[in-house]
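Start at 1 and go down the list; that is how both ligands and their atoms are numbered.
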Amino acid sequence: MAEKITLSVIKADIGGFVGHTNIHPDILHAAKDKLHNAKEQGIIKDFHVLRCGDDLELIMTHTKGCDNEEIHELAWNVFSVGTEIAKELKLYGAGQDLLKDAFSGNVKGMGPGVAEMEFEERKSEPVLVFMADKTSPGAWNLPLYRMFADPFNTAGLVIDPKMIDGYRFRVVDVKDGRAATIETPEETYKLLALIGSTSRYMISAVYRKSDGEIAAVASTQKLSFIAGKYVGKDDPVMVVRCQSGFPAVGEALEPFAFPHLVEGWMRGSHVGPMMPVPFYEANPSRFDGPPRVICAGFQLAQGRLIGPHDMFDDPSFDGTRRLADKVGEYMRRHGPFQPHRLPDEEMEYTTLPEVMKSLEDRFEKI
Ligand code: 13P
Ligand code: 13P
Ligand code: MG
Ligand code: MG
């Protein structure tokens with residue numbers, strides 16, 4: 001049997017440049033340096049360092065499986081070194097997503113976002129790594145549904161014999177810390193009943209029903225629930241395997257042609273449209289947004305990451321970007337009113353309890 005490869009995408013915001021728009025080049029250099037050393041030492045097979053907005057994205061391949069302590073510690077150390085640089089340069093929110101002082105076995109629950117999958121490399125293994133800023137993992141629900149359950153998006157669901165049985169979705173209830181597996185097409189409506197509620201239910205993985213192969217994974221760490229209070233948005237990552245029995249690359253990208261509304265821009269407390277952009281345009285600046293998504297395409301070759309190809313660097317997404325700008329403007333005009341502003345319990349920053357306290361005596365029963 002061929003050796004299994006693990007693809008690990010681990011990310012954190014360890015300090016913004018300037019404000020929350022971007023990452024300082026010194027941090028990117030330091031991260032590349034560290035991972036280069038790890039590759040030389042044989043800890044990882046290959047790596048790529050990217051960034052989306054103010055989030056540092058470590059894309060790594062190895063043969064150690066998911067949740068591997070050595071790999072998670074490596075990522076933690078990269079983030080710690082980056083945090084030191086961020087502190088020295090007084091970058092904004094230095095160490096923002098590192099919720100613990102010392103590493104303890106697994107970065108999950110410590111702040112960083114993680115999407116990992118282990119599989120046997122196929123004859124050709126195209127994978128897409130999606131990375132977003134100014135939003136939350138619930139933002140992947142709609143595109144994942146469309147990729148793996150909507151035949152109006154994914155022609156393969158009705159054309160490819162390996163796909164026609166459908167897919168199995170793992171759905172996490174982040175409020176109660178539990179998860180369920182739901183199958184499509186039979187349970188499509190039940191799936192939608194849950195995942196339409198994007199702040200509570202989040203798709204963490206998708207499997208092909210015919211043989212149980214892993215098809216997609218998403219980071220579902222909600223920093224708010226980890227820390228017991230809102231300490232930062234959880235700008236998510238996601239990995240999707242493509243072609244021959246999985247969605248074609250173009251089918252996996254197609255859902256992003258619609259700039260759907262997601263939570264998370266400005267102070268982590270507003271709703272805005274998701275804008276798919278090339279790497280160099282992932283600098284959310286207007287009202288700290290609109291929320292951005294980038295996609296790095298790779299062909300794997302014995303664990304080597306051949307790429308990245310910048311998937312949204314395509315004028316056929318220009319119309320989506322223009323629409324996102326229009327929708328962003330429309331939402332902005334609501335100012336502090338819902339549904340532009342998030343419901344109280346979803347706001348990252350809120351003065352509401354203090355306002356309520358100051359008005360407490362003024363409220364009377366009616
Ligand atoms: P595969 O079945 O080889 O993935 O091809 C699908 C296709 O033609 C992409 O448009
Ligand atoms: P990040 O979660 O990307 O750090 O953004 C926070 C914010 O408040 C932007 O306005
Ligand atoms: Mg930030
Ligand atoms: Mg961010």
Gap separating the SG atom of Cys242 from the CZ atom of Arg122, nearest 0.5 angstrom: 8.0 Å
Just which atoms of ligand 2 are under 4.0 Å from any heavy atom in [X]?
X	answer
Gln96	1 (P), 2 (O), 4 (O)
Asp235	1 (P), 2 (O), 3 (O)
Gly268	8 (O)
Asp288	9 (C), 10 (O)
Asp133	3 (O)
Arg267	7 (C), 8 (O), 9 (C), 10 (O)

Residues which pass ring pair (Phe, Tyr, Trp, His ring centres under 6.0 Å) with His36, listed by chain and number, not counting sequence neighbours: none
Counterpart residues, ring pair (Phe, Tyr, Trp, His ring centres under 6.0 Å), relative to Phe169 (two or more places apart): none
Is any NZ, NE, NH1 or NH2 atom of the basic residue among [X] and [Y] found under 4.0 Å from an Asp or Glu carboxylate oxygen of the other?
X	Y	result
Asp67	Lys108	yes
Lys134	Asp54	yes
Lys209	Glu186	yes
Glu121	Arg304	no

Polar side-chain atom of Asp314 near backbone of Met311 as donor-acceptor pair, under 3.5 Å: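 Answer holds: no.
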Of the protein N/O/S atoms, how many lie under 2.8 Å from the Mg ion (ligand 3): 3
Candidates Glu69, Glu73, His72 - the one meeting side-chain hydrogen bond (donor to acceptor under 3.5 Å, both in side chains) with Asn106: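 Answer after filtering Glu69, Glu73, His72: His72.
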Any N or O of Trp265 closer than 3.5 Å to N or O of ligand 2: no
Would you give me the side-chain donor-acceptor pairs under 3.5 Å for residues 24-31, sequence neighbours excluded?
residue : atom : partner : partner atom : Å
His24   : ND1  : Asp26   : N            : 3.0
His29   : ND1  : Pro25   : O            : 3.4

Angular separation of Asp133 OD1 and Asp235 OD2 about the Mg ion (ligand 4), given to 10°: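 So the angle at the metal works out to 80°.
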contact_flag Gly16 ligand 2 heavy-atom lt 4.0 Å: no
